[in-house]
Amino acid sequence: MIGVGERMLELSNERAVMFPKERITKGDLVDYYLEVAAVMLPHLENRPLTVERFTKGIGARGFIQKNASEHYPEWIRRSEVPSRARAGEASNHVVCDEAATLVFLANQRCVTYHITPVQCDRLELPDRLIFDFDPPDAGESSFAAVRVGALAVGELLRECGLTPFVKTSGSKGLHVVAPLDRSAHIDEVRAFGKIASELLARRDPDRFTVSMAKSERAGRVFLDYLRNGYAQTVVAPYSVRPLPGAPVSTPLTWEELEEPTLHAQTYTLRNVRERLRERRDPWAGMDAHAGSLDDASLNLDAILAKA
DNA sequence: GTCGGAG
DNA sequence: CTCCGACAACGCATC
DNA sequence: GATGCG
């Protein structure tokens, strides 16, 4: 029984192994999320959460859970997300805005947290524009291309009047995110992401593609602009990934992105906390930089007209 | 990890 | 009682 | 129309 904020939590089976190779236990996972809660929560607050659970460790098949389980305590906040496809249906997501929820879920063997680019009260007005750079493999040359792409899209977003932020995905690539002021509809945001991604692919077709077709990709970095859609999700900042080494999706400064030794799995459950002791969260306060997508679209049109 | 239904 | 399955689903592309 | 993929 531990106290987390206002809540008392019963932890169970803390010695159970979650990451066999590294002997990382469920207790280690709980400790990790407890310790990063202060920096992580601002990125989860008021967003429908989707969770990836591994009840027998990451070596066994896990599952994705979008609806809050019936037996979760009543103090865990829930939020309805209506299905766009089927009228009348909705999922009932957990909303994680206190440390106790994060710790409770970790004890439930939730390893990875996925969030939407929208908040619960405005499900069709995104406050995040997302670019997901997914390389064909985890090799060094692939990551070099991912880095070039992130820098290029960052520059493009600045030219459009937005303020981009970057993080490792913890898997193979990088995520670039720009905060929005929620004045534009999700379909407009998606259209912007598509056009900007296509521009990037057109400027450097040897490195980038927006084609979903596997045959068309041929070793190039895939720009997944569909991340900006209704009920789409992205891995949350400081979330652990269910991969060997327990890599963590970690916010970076743009200067850090230039470091030649950096890769998508540089930061892990083992070393992120030390990093956070030395520097503040590079994404802290990102909402103060929220920009207008309509303004950005006009600027992007001007850039396209010149090109 | 936990529930609920099947056996 | 124990055993076992469920715990997601957008939008595009290909077969 | 069903299946596959991120």
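Since the model is a prediction, treat every value here as computed from it, not as a measurement. In what follows, every chain begins at residue 1, and chains take the letters A, B, ... in the order their sequences are listed.
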#### Entry: A/Q232 CD to C/dC12 C1', straight-line distance once rounded to whole Å
11 Å

### Task
Output yes when a side-chain donor or acceptor of A/K26 lies under 3.5 Å from a complementary backbone atom of A/S12, and no otherwise.
yes

### Task
With P as the reference atom in both, quote the distance from C/dA8 to B/dG4 in angstrom, rounded to an integer.
15 Å

### Query
How far, in whole Å, is C/dA9 from D/dA2 if one measures between their C1' atoms?
15 Å

### Message
OP1 or OP2 of C/dC12 versus the side-chain N and O atoms of A/R190: is any pair under 4.0 Å?
### Response
yes

### Query
Is any NZ, NE, NH1 or NH2 atom of the basic residue among A/E274 and A/R277 found under 4.0 Å from an Asp or Glu carboxylate oxygen of the other?
no

## Note on the structure
Residue pairs passing the ring pair (Phe, Tyr, Trp, His ring centres under 6.0 Å) test with at least one member in residues 89-129 of chain A, sequence neighbours excluded, are A/Y33-A/Y113, A/Y72-A/F104

### Message
Using whole Å, what does the distance between atom C1' of nucleotide C/dC10 and atom CZ of A/R84 come to?
### Response
10 Å

### Query
Taking NE2 from A/H114 and C1' from C/dA9, how many angstroms apart are they, rounded to a whole number?
13 Å

### Message
Just the rounded figure in Å: distance from P of C/dA6 to CD of A/Q65.
### Response
14 Å

### Query
Could you state the OH-P distance from A/Y230 to C/dA8, rounded to the nearest angstrom?
16 Å

### Message
With nearest nucleotide decided by heavy atoms, which residue, A/Q108 or A/E70, maps closer to the 5′ end of DNA chain B?
### Response
A/Q108

### Message
Donor-acceptor check, side chain of A/R128 to backbone of A/V177, threshold 3.5 angstrom: yes or no?
### Response
no

